[in-house]
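Structure, as C-alpha cells:
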Amino acid sequence: GTAGITRKSVLADLLEKVENGASLLITYGRENIVPFDEIIGCKSNGRYKAGEVSFEIDDEFLTLARDFAIDLVPCTAEVVLRDKEENPLLTKNSYGKGYIMFFNASIEICFAKTPAIVESKLGYEKIYSYAAKVAGIEQIVEKHSYNLALTVHKTGENSWVIVAINNTDK
C-alpha cells in the first residue's frame, strides 16, 4: 500500500532505486494517491466503493474482495490489466530506467478477505508474478506449489541464494 511509503525519506530512497533500474509495485488500500499521481502516471477522479473485482491473468480468473478502488485516469501510464468491467487494475509507468507499477487494490487485504482463494490454491503471488513479468523482471526460479515460499537473493554477478520454506506439516 501507499501508507508505508509516504515519509519523504522512504519515498526518495525508493524512487532513486527505480530511477536506477528497479521496479516498484504500489498497491492501493484506502490512501489518497495525490502525492503519487506523477510517479504512477495516473490521475484520480475520486474513489468509489468497489465490492468484488474480477479479472483474468494467464487464462485464470481471480475475484477479490475489496472495499474501495480509485477511478483511475491513465496519463503516462500504460494499463496492463483491466478488471472485467474494463476499469484499470494494474498500470505500468516508466520512471528513469525502471518502472512503477500500480495495482488498484490492496492485494494482501483482498486475499485476507477472500477465503475462496486459499481453497482454489491461487495465491496473491500470481499477481506479483504477473507484475514482475510485465516489468520485464527475469525470474530465475519458478515454483509450482502454493505451499512453498521462495525468496531469491542475488549474491554476485551470476550467483543467487534461494531460500525455500515448506508451509505444510510434511
Hey, does Y95 have a side-chain heavy atom less than 4.5 Å from the side chain of L15? yes
Can you measure from CG (L62) to OH (Y130) and round to the nearest 0.5 angstrom? 11.5 Å
Looking at CZ of F103 and CD1 of I40, how far apart are the two atoms once the value is rounded to the nearest 0.5 Å? 13.5 Å
Would M101 and L24 count as a side-chain contact (heavy atoms from CB on, under 4.5 Å) if you check the C-alpha gap in whole Å, the side-chain angles of each, and the deciding distance to 0.1 Å? CA-CA 6 Å; M101 314 285 287; L24 173 65; over 6 Å; no
NZ of K84 to CD of E52, rounded to nearest 0.5 Å, is 8.0 Å
Taking a hydrophobic cluster as the set of Ile, Leu, Val, Met, Phe, Trp and Tyr residues connected by side-chain heavy atoms closer than 4.5 Å, whether directly or through intermediates, do V53 and V79 fall within one such cluster? no
Heavy atoms of P74 and C42 approach each other most closely as CA-SG, 3.8 Å
Interatomic distance, CG@D83 vs CG@L90, rounded to 0.5 Å, equals 12.0 Å
Steps toward side-chain contact (heavy atoms from CB on, under 4.5 Å) verdict (T91, V80): CA-CA 5 Å; T91 62; V80 294; 5.9 Å; no
I'd like to know if V10 and Y28 are part of one continuous hydrophobic network [Ile/Leu/Val/Met/Phe/Trp/Tyr, side-chain heavy atoms within less than 4.5 Å]. yes
With a 4.5 Å limit on heavy-atom distance, are the side chains of F55 and L81 in contact? yes
Just do the side-chain contact (heavy atoms from CB on, under 4.5 Å) check on S54 and F61 with the steps written out, would you? CA-CA 7 Å; S54 297; F61 287 92; 6.0 Å; no
Closest approach of S94 to Y99 (non-hydrogen atoms, all atoms of both residues): OG-CE2, 3.5 Å
Separation between NZ (K17) and NZ (K97), nearest 0.5 Å, reads 15.0 Å
Criterion side chain to side chain contact (heavy atoms under 4.5 Å, CB included) against L72, the qualifying member of N104, L89, N45, N87: N104
Measuring only between side-chain heavy atoms, which start at C-beta, is I70 closer than 4.5 Å to F102? yes
Report the distance from atom CG of N93 to atom CD1 of I39, rounding to the nearest 0.5 Å. 9.0 Å
